[in-house]
Amino acid sequence: MSTKNAGSAVKMGYTDVKVMLAGVPGWKKAGQYVEASEEFVKKGNIVLVDLRSPREYEAGHIPRAHNIQLEDLDFAEDEFPANRAAPIVVYGNGNDAVEAYRIIKSWGCKKGSVSSIDFAAWKQAGNPIETGPTPDEIVWKRILGKFEVALDEFKKAAEGGGDKIILDVRTSEEIGDGKLAAARHIPLDDLQGQLHTLPKDKEILVHCTTGARAEMASAELRNAGFKSRYLVANVECDGSDCEIYE
Amino acid sequence: MNHRFLKRLLPLACAAALLATGCGQHEPVQAGNAAAADAAVEAKKQENVLKGKIVGKSNKAKTISIEVGKGDKAKTQMVKFNDATQGIEHAAKGEAAIIEFTGEGKDRMATVIKPKLAKLPAGTSEMKPAELIAAINSGRKMVLVDCRPSPRYHEGSIPGAINIPVPAMAEKAPMLLPKDKDIQLVFFCGGPT
């Protein structure tokens with residue numbers, strides 16, 4: 001909706017107003033990096049990486065940061081969360097953070113960003129710091145969205161016997177390889193036509209292959225007066241044997 | 001856990017995230033009675049049209065799924081297509097499209113598919129990413145404005161950009177935009193849907 005703001009700016013009297021329709025995705029596609037805000041570095045649910053030397057890091061670093069030098073980063077992929085939606089923010093000296101961003105992106109990480117925070121300035125501004133060696137392990141836990149169901153709760157419900165409905169909104173083609181035994185199947189684009197077949201007094205837990213379509217379907221259900229949450233996880237089925245993981 | 005498998009799946013999740021933050025086109029709001037009559041005619045004409053983001057296309061089932069409406073109001077609809085459908089190449093996943101169709105309910109058949117191009121408001125023009133990169137490198141003074149919701153802005157934006165989410169424009173623009181009205185402003189958001 002950048003066009004809307006651009007139109008408002010013209011009305012306010014601005015004479016040189018451009019719209020970059022390609023947006024942030026187009027910017028990234030052009031090989032450019034994105035920068036995380038200071039607030040995100042302070043409060044976000046992120047994996048923060050300090051690229052400086054261990055000596056600099058141990059003397060003081062931004063709280064929660066892990067120390068991985070740029071030259072080691074190439075070999076550190078497996079230390080990062082398997083969930084590639086984990087936001088990874090990198091900071092360091094000179095151009096290191098931009099280089100590191102490229103490496104992280106090459107792993108398939110979709111939410112990498114560079115922080116332009118200069119540690120000396122950060123410290124001088126009175127921001128909190130931590131000292132000492134880097135933690136052994138990178139631990140990152142996704143925070144559930146408002147209408148998301150936790151993986152464990154979904155797995156339990158999928159075992160059947162409870163009072164929740166499991167709804168699989170993948171296409172009929174995808175179902176060909178199998179589906180959860182307890183699940184009802186209604187392809188996402190057929191949902192509106194099948195609403196009358198679903199109960200309003202039971203909670204409907206929706207899944208697909210990753211969570212994208214499940215989120216849409218769950219929103220459609222709630223708008224139609226149903227109780228529903230959705231699962232953001234990978235679901236792979238071979239018959240009724242399904243692997244569900246983040 | 002298999003990383004390569006995840007890598008293949010993630011673009012799907014990302015596309016969904018884009019859906020939630022994309023640049024929706026607002027239809028111009030018509031005012032006045034004469035305009036209202038026009039709008040009624042226009043609405044009638046648009047009955048057999050679906051506008052939105054292509055969610056998927058099944059060549060086997062010969063169907064196209066399109067997400068119509070924004071955010072919480074979004075509904076995924078399905079139309080069939082056949083060899084007579086024009087512009088089937090525009091039914092590409094993730095692209096914004098306009099589908100004209102005949103028939104009703106389950107028998108809706110796409111006749112013409114066109115790409116949905118963003119309309120630029122009067123007095124503005126488009127800037128491509130490459131032009132923006134060149135402009136930044138030239139050191140030209142300008143103000144970059146990220147129009148996405150603030151959580152999206154905070155997790156990663158074009159370096160140097162400020163954030164004015166669309167609903168906050170009227171309130172924040174007087175504080176955040178430059179006093180000099182001749183300085184170039186570049187607005188952007190989550191992509192062209």
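Everything numeric here is computed off the predicted structure, so don't read it as measured data. Chain naming here is simple, since letters A, B, ... match the order of the sequence lines and numbering starts at 1 in each.
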**Student:** Counting only heavy atoms closer than 4.5 Å, note whether A/V19 contacts chain B via side chain, backbone, both or neither.
**Tutor:**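 Both backbone and side chain of A/V19 come within 4.5 Å of chain B.
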
**Student:** Given 3.5 Å as the limit, does a donor-acceptor pair link the side chain of A/K111 with the main chain of B/G156, or not?
**Tutor:**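 No, because the side chain of A/K111 does not come within donor-acceptor range (under 3.5 Å) of the backbone of B/G156.
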
**Student:** Given A/L21 and B/L120, is the side-chain contact (heavy atoms from CB on, under 4.5 Å) satisfied, shown in steps?
**Tutor:** CA-CA 9 Å; A/L21 292 172; B/L120 289 168; 4.2 Å; yes

**Student:** According to the salt bridge (charged side-chain N to carboxylate O under 4.0 Å, His left out) rule, which pairs have a member within residues 41-50 of chain A, sequence neighbours left out?
**Tutor:**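 Residue pairs with at least one partner in residues 41-50 of chain A: A/E38-A/K42, A/D50-A/R52.
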
**Student:** Starting at CG of A/D189, measure out to CD1 of B/I64 and round the result to the nearest 0.5 Å.
**Tutor:**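 The CG atom of A/D189 sits 11.0 Å away from the CD1 atom of B/I64.
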
**Student:** Quick check for you: among B/G56, B/S125, B/A122, which has the greatest number of heavy-atom pairs under 4.5 Å with chain A?
**Tutor:**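 The candidate making the most pairs under 4.5 Å is B/S125.
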
**Student:** Can you confirm whether B/K75 sits close enough to A/Q192 that some side-chain heavy atom of one is under 4.5 Å from a side-chain heavy atom of the other?
**Tutor:**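 When only atoms from C-beta onward are counted, A/Q192 and B/K75 do touch, with a gap below 4.5 Å.
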
**Student:** Looking at chain A, which one of B/T63, B/V143, B/V145, B/L132 has the largest number of heavy-atom pairs inside 4.5 Å, strictly under?
**Tutor:**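 Heavy-atom pair counts peak at B/L132.
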
**Student:** Between SG of B/C147 and NZ of A/K4, what distance do you get to the nearest 0.5 Å?
**Tutor:**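 B/C147 SG to A/K4 NZ: 11.0 Å, rounded to 0.5 Å.
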
**Student:** Given side chains that start at C-beta, do those of A/K29 and B/P129 come closer than 4.5 Å, heavy atoms only?
**Tutor:**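 A/K29 does not reach B/P129 side chain to side chain.
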
**Student:** To the nearest 0.5 Å, tell me how far A/F40 CZ sits from B/R152 CZ.
**Tutor:**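 Going from the CZ atom of A/F40 to the CZ atom of B/R152 covers 9.0 Å.
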
**Student:** Rounded to the nearest 0.5 Å, what separates atom OG in B/S157 from atom CD in A/E35?
**Tutor:**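 CD of A/E35 is found 9.0 Å from OG of B/S157.
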
**Student:** Can you tell me which portion of B/A173 sits under 4.5 Å from chain A's heavy atoms? Options are side chain, backbone, both or neither.
**Tutor:**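 Both the backbone and the side chain of B/A173 come within 4.5 Å of chain A.
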
**Student:** Would you give the length of the straight line joining atom OG of A/S8 to atom CG of B/L177, rounded to the nearest 0.5 angstrom?
**Tutor:**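 Result: 10.0 Å between the selected atoms.
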
**Student:** Do B/T124 and A/V10 have side-chain heavy atoms sitting under 4.5 Å apart?
**Tutor:**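 A side-chain contact under 4.5 Å exists here.
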
**Student:** Measuring heavy-atom distances to chain A, does B/Q77 have an atom under 4.5 Å in its side chain, in its backbone, in both, or in neither?
**Tutor:**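 For B/Q77, the contact with chain A is made by the backbone alone.
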
**Student:** Let's test your reading of the structure: which of A/M12, A/K11, A/E243 forms the most heavy-atom pairs below 4.5 Å with chain B?
**Tutor:**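 If we count pairs closer than 4.5 Å to chain B, A/M12 comes out on top.
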
**Student:** What side-chain donor-acceptor pairs closer than 3.5 Å can you find for residues 158-172 of chain B, not counting sequence neighbours?
**Tutor:**
unit_1 : atom_1 : unit_2 : atom_2 : d
B/N163 : ND2    : B/D146 : O      : 2.9
B/N163 : ND2    : B/R148 : O      : 3.0

**Student:** Give a yes or no on whether the backbone of B/T76 and the side-chain of A/E220 come within a donor-acceptor separation of less than 3.5 Å.
**Tutor:**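 Flag set: sc A/E220 to bb B/T76 pair under 3.5 Å.
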
**Student:** Check A/K18 with B/E126, please: is the shortest side-chain N to carboxylate O separation under 4.0 Å?
**Tutor:**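 Looking at B/E126 and A/K18, the cut-off is not met.
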
**Student:** Test side chain to side chain donor-acceptor pair (under 3.5 Å) on A/T3 and B/K119; report intermediate values, then the result.
**Tutor:** CA-CA 8 Å; A/T3 49; B/K119 276 177 251 142; over 6 Å; no

**Student:** I need the B/D182 CG to A/Y14 OH distance, nearest 0.5 Å.
**Tutor:**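 The OH atom of A/Y14 is 10.0 Å from CG of B/D182, to the nearest 0.5 Å.
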
**Student:** Could you tell me which portion of B/I66 (side chain, backbone, both or neither) has an atom closer than 4.5 angstrom to a non-hydrogen atom of chain A?
**Tutor:**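 Contact with chain A is absent: no heavy atom of B/I66 under 4.5 Å.
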
